[in-house]
Amino acid sequence: MEQINNTTQVFSGRTVRQKVLLFSTALFIFNLVLKLLFIDAGDIALDEPFTLFHAQKSIAGIFEMLKDENNPPLYFLFMKGWTSLFGIGAFAARLPSVVFSSVTATLLFILGNRFWNLRTGILAGLIYTFSSFHMFYAHDARVYSLFCMLSALSYYFFFSLSQNPSSRKFMYWWIIINTLLLYSHFFGIVLIGSQFIFILLNKTLRATIFKPLVVCAITLLLVFSPYLSVLFQRFQSTVHNTPWIQAPVWSDLYTMLWRFSNVPVNTVLMIILLVALIAMAIAGKYSKDINKNNLTKSVLFLFLLPYLSIFLVSFYIPVFLDRYIIFISLLYYFSVSISLDRLIPENKSGWLILMILPLMMASTLKLNPGKKKNVQELVAKINTTKSKETALYIYPEWFDLNFVYYYRRDWFREPLKTKSLMRENSIFPILKPEHIDTLQLKLVHDVILIDATGSSTNQDNEISQRIEKFFRRKKFQRFTSIFISFISADPNELRQIIHLSASVLLQCYCKGFGFYSGVLGHRTACRLRFHHGTSTGCPCTSASTYSWIRNFISQAKYRKEVLGGELLVSTGWIHSSGF
């Protein structure tokens with residue numbers, strides 16, 4: 001009889017392991033399929049060309065570039081090997097991010113199942129899977145999906161070590177993963193630092209794994225020491241230079257969670273669950289299992305400490321950016337999943353209730369978040385208008401790689417020659433008005449200005465004025481990141497139209513609202529595409545936005561009389577569900 005019971009237990013154990021393996025595999029494949037659907041639907045844009053361009057350099061060239069770059073070398077070195085094998089097309093460039101993101105979903109399930117229970121693992125894995133925020137970075141040829149995967153692994157070995165302090169295997173793996181984490185993104189320091197602080201503040205852990213902690217700290221310091229000087233220089237540069245990230249406002253504590261949660265209704269529900277878990281942890285009533293209570297407290301600590309600390313530091317050194325704190329979103333999903341598991345009874349009805357939140361996330365998931373940068377379309381338009389006697393200016397200068405990637409792929413593949421090839425063909429990246437050489441303007445017949453921010457279209461902008469003043473009697477064209485072009489024979493009228501349209505080029509939301517507007521004419525062509533972006537401390541307000549659109553419509557008749565030909569004016573209101 002005892003032999004039969006032992007056999008049953010072994011068989012039952014194998015069945016459980018098989019179920020876990022089956023669900024892990026299914027979740028990975030599901031993520032992979034979901035994230036491959038629109039992998040190359042959007043243009044290679046934003047910072048992706050930067051990664052692909054520098055990944056083609058020699059290893060020495062990569063490290064030279066990284067002296068002035070805010071990322072460590074791991075991802076660039078990985079992409080160097082990857083692109084040398086598979087090329088720099090959109091599908092090939094983004095495929096690693098898709099795989100990393102899919103692995104992360106599986107790791108979250110394994111984490112939840114290993115340290116809490118099956119329900120927690122399933123919830124955490126599904127909530128992550130249906131996050132539009134993580135879908136975006138799964139389609140981004142940048143380090144962030146890799147950073148997320150390494151963060152999940154770091155948490156796994158941290159929790160494993162905290163429960164098995166004498167295990168050298170877990171300690172070695174914790175050191176290896178944290179080393180990779182440090183060399184993938186500088187904010188890995190925040191993640192690892194929060195783990196160390198939790199151990200030092202926890203009396204039980206401090207007594208049991210203090211030695212592994214010291215070994216890990218010394219080892220990490222040694223392996224990262226070659227890069228400490230670069231880290232210090234980048235920190236000094238961030239402190240002393242004008243920040244490109246704006247200081248946060250208190251509402252950003254909510255809007256950041258909004259980005260992680262797809263839409264407001266999900267956000268409110270998840271915040272309620274988060275608060276409930278904090279209350280249970282403080283009261284010590286989460287579970288009768290002391291280990292689970294300690295793990296739950298560690299999850300809350302590792303979520304709240306970095307989240308609130310980075311937010312508060314950002315009032316002095318602005319760094320509260322969603323992609324920088326992407327690792328925190330994993331613990332946010334975990335906290336919500338743990339809370340749901342604790343509050344919902346373990347029966348069939350409970351399983352149905354548990355699935356409500358994942359279904360809410362799934363129903364609001366954007367399978368193709370997109371980068372809203374129609375670079376290919378912009379290049380196609382320029383190819384029809386630019387001649388050998390045309391000077392093309394790209395503002396700001398960092399947009400040059402976005403442009404060249406689609407304009408001349410052969411130039412892009414020659415990183416040591418790209419800049420000189422651009423100059424030889426009268427293509428000039430600029431950042432300031434003085435970068436425009438008036439002697440060069442005398443040698444060309446036409447000028448095209450690409451504006452990747454919209455800021456150079458402001459009335460007082462000196463870049464526009466410098467070119468327009470010189471080309472008062474010549475054709476002047478302008479393109480922006482949301483694709484707007486003006487063609488006119490009369491520069492005076494052209495200038496007026498540019499000024500009237502300037503306020504739509506702020507590329508931001510105003511109090512949660514967005515708008516689009518377009519004009520299509522015979523002699524004047526203008527097309528604006530809605531840009532789903534974010535802006536903290538937006539310089540405009542919803543009232544000024546609405547006022548501009550009213551003025552735009554009211555002057556349509558005047559424009560038609562001046563320009564002639566057919567003229568169509570259309571406006572639309574887009575009530576945004578989130579930033």
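We use all heavy atoms of the structure for the numbers below, so side chains are in, but hydrogens, waters and symmetry mates are not.
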When the ring planes of [X] and [Y] are compared, do they come out parallel, tilted or perpendicular, using 30° and 60° as the limits?
| X | Y | answer |
| --- | --- | --- |
| Phe130 | Phe30 | perpendicular |
| Phe301 | Phe198 | tilted |
| Phe170 | Tyr156 | perpendicular |
| Phe186 | Tyr227 | tilted |

For the ring pair [X] and [Y], is the centre-to-centre distance below 6.0 Å?
| X | Y | value |
| --- | --- | --- |
| His139 | Phe38 | no |
| Phe311 | Phe315 | yes |
| Trp174 | Phe196 | yes |

- Task: Would you sort out whether Val98 and Ser102 count as a side-chain contact (heavy atoms from CB on, under 4.5 Å), showing the intermediate values?
- Result: CA-CA 6 Å; Val98 167; Ser102 301; 4.3 Å; yes

- Item | Donor-acceptor side-chain pairing of Ser101 and Tyr128 below 3.5 angstrom | yes

- Item | Pair Thr83-Gln56, side-chain donor/acceptor within less than 3.5 Å | no

Would you say that [X] contacts [Y] through its side chain, given a criterion of any heavy-atom pair below 4.5 Å between the two side chains?
| X | Y | value |
| --- | --- | --- |
| Arg119 | Glu346 | yes |
| Leu200 | Gln195 | no |
| Leu36 | Leu95 | yes |
| Phe147 | Phe187 | yes |
| Leu304 | Ile278 | yes |
| Leu330 | Leu108 | yes |
| Ile310 | Ile328 | yes |
| His185 | Ile326 | no |

Mind checking the [atom1]-[atom2] spacing from [X] to [Y]? Nearest 0.5 Å is all I need.
| X | Y | atom1 | atom2 | result |
| --- | --- | --- | --- | --- |
| Arg94 | Lys35 | CZ | NZ | 15.0 Å |
| Asn262 | Thr267 | CG | OG1 | 8.0 Å |
| Phe28 | Asn31 | CZ | CG | 8.5 Å |
| Leu191 | Tyr155 | CG | OH | 3.5 Å |
| Asp47 | Phe53 | CG | CZ | 14.5 Å |

Distance-only donor-acceptor pairs under 3.5 Å for side chains of residues 73-81, two or more places apart:
{"from": "Tyr75", "atom 1": "OH", "to": "Arg142", "atom 2": "N", "distance (Å)": "3.3"}
{"from": "Tyr75", "atom 1": "OH", "to": "Arg142", "atom 2": "O", "distance (Å)": "3.3"}
{"from": "Lys80", "atom 1": "NZ", "to": "Lys57", "atom 2": "O", "distance (Å)": "2.8"}

- Out of Phe100, Phe327, Tyr137, which residue meets the ring pair (Phe, Tyr, Trp, His ring centres under 6.0 Å) rule with Tyr144? Tyr137

- Asn266 and Val263: side-chain contact (heavy atoms from CB on, under 4.5 Å), yes or no, with the steps? CA-CA 6 Å; Asn266 296 353; Val263 293; 3.5 Å; yes

- Could you give me the CA-CA distance, side-chain angles and deciding distance for Leu365 and Leu367, then say whether side-chain contact (heavy atoms from CB on, under 4.5 Å) is met? CA-CA 6 Å; Leu365 168 65; Leu367 287 171; 3.7 Å; yes

- Task: Step by step, work out the side-chain hydrogen bond (donor to acceptor under 3.5 Å, both in side chains) result for Ser337 and Trp116.
- Result: CA-CA 10 Å; Ser337 301; Trp116 283 271; over 6 Å; no

- Task: Apply the test side-chain contact (heavy atoms from CB on, under 4.5 Å) to residues Arg114 and Phe159: give CA-CA distance (whole Å), side-chain angles for both, the deciding distance (0.1 Å), then the verdict.
- Result: CA-CA 10 Å; Arg114 166 74 173 78; Phe159 295 145; over 6 Å; no

